[in-house]
Amino acid sequence: MNIDPLVMDFLDADTYEQRLNILAALRHRITDDMINTMAVAVDLEIKDGDVEERYEELKNCLLTFEKYECNRLR
């Protein structure tokens, strides 16, 4: 399986802020597989549905983590 370099960067990121920036960079070419991979990396389950809605759900969860976790990853 070929993993997009930005998805790899997301997995290696140290802060939620970095992950949000990478997610934003992927917005116009994101796929369900990318969303699934990134969600698992941060211990989330994003429901099936429209890619745009799933992107927004992942983004909103990351924003919440960033707000409440002071940029510390679990």
Side-chain angles (χ1 to χ4, degrees):
M1 179 170 123
N2 260 348
I3 295 186
D4 188 287
L6 280 177
V7 174
M8 291 303 296
D9 289 346
F10 181 96
L11 300 180
D12 293 336
D14 293 325
T15 66
Y16 290 113
E17 181 182 13
Q18 288 174 338
R19 288 182 168 178
L20 283 160
N21 290 337
I22 293 163
L23 185 62
L26 284 168
R27 180 172 195 143
H28 297 293
R29 61 187 168 108
I30 200 153
T31 65
D32 282 320
D33 285 342
M34 288 178 181
I35 291 171
N36 293 340
T37 300
M38 292 185 281
V40 167
V42 292
D43 232 4
L44 286 173
E45 185 175 333
I46 305 293
K47 293 184 181 73
D48 289 339
D50 180 65
V51 172
E52 186 65 26
E53 289 172 11
R54 298 181 80 223
Y55 169 90
E56 289 297 328
E57 185 177 347
L58 178 57
K59 183 178 87 174
N60 289 336
C61 289
L62 290 173
L63 285 167
T64 301
F65 287 160
E66 181 185 36
K67 182 176 178 182
Y68 291 105
E69 306 244 341
C70 303
N71 285 335
R72 285 178 298 127
L73 298 179
R74 291 190 227 173

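FYI, side chains are in, hydrogens and waters are out, and symmetry mates aren't considered; it's all heavy atoms of this structure.
Once rounded to the nearest 0.5 Å, the distance linking CG of Leu63 with CD of Glu17 reads 10.5 Å. Considering CG of Leu62 and CG of Asn60, their distance stands at 9.0 Å, rounded to 0.5 Å. Tyr55 contributes atom OH, which lies 13.5 Å from atom CG of Asp50 (distance to the nearest 0.5 angstrom). With rounding to the nearest 0.5 angstrom, the CG atom of Asn21 is 15.0 Å from the OH atom of Tyr16. Going from atom CD of Glu52 over to atom CD1 of Ile35 covers 8.5 Å, rounded to the nearest 0.5 Å. Note: Asp12 CG to Gln18 CD = 10.0 Å, rounded to the nearest 0.5 Å.
Note: the hydrophobic cluster containing Met8 also contains Phe10 (ILVMFWY, side chain heavy atoms under 4.5 Å, direct or indirect links).
Residues Met38 and Ile30 have side chains in contact (heavy-atom distance under 4.5 Å, counting atoms from C-beta outward). Here the side chains of Thr31 and Val51 are not in contact, with every heavy-atom distance at 4.5 Å or above. When side chains are defined from C-beta on, Asp32 does not count as touching Asp48, because their heavy atoms never get closer than 4.5 Å. With a 4.5 Å cut-off on side-chain heavy atoms, Leu44 and Phe65 count as touching.
Looking at every heavy atom in both residues, Ile46 comes nearest to Ala39 through CG1-CB, 3.7 Å.
The closest donor-acceptor contact from the side chain of Arg54 to the backbone of Lys47 lies under 3.5 Å.
Here salt bridge (Lys or Arg N to Asp or Glu O under 4.0 Å) pairs that include residues 55-65, with residues two or more places apart or in two chains, are Arg27-Glu56, Glu56-Lys59.
Scored by the salt bridge (Lys or Arg N to Asp or Glu O under 4.0 Å) test, Asp4 finds Arg29 as partners (sequence neighbours excluded). Every residue meeting the side chain to side chain contact (heavy atoms under 4.5 Å, CB included) condition with Asp9, not counting sequence neighbours, appears here in chain and number order: Leu6, Ile22.
Surrounding CD of Glu45 are at most 12 heavy atoms belonging to other residues, nucleotides or ligands under 6.0 Å away.
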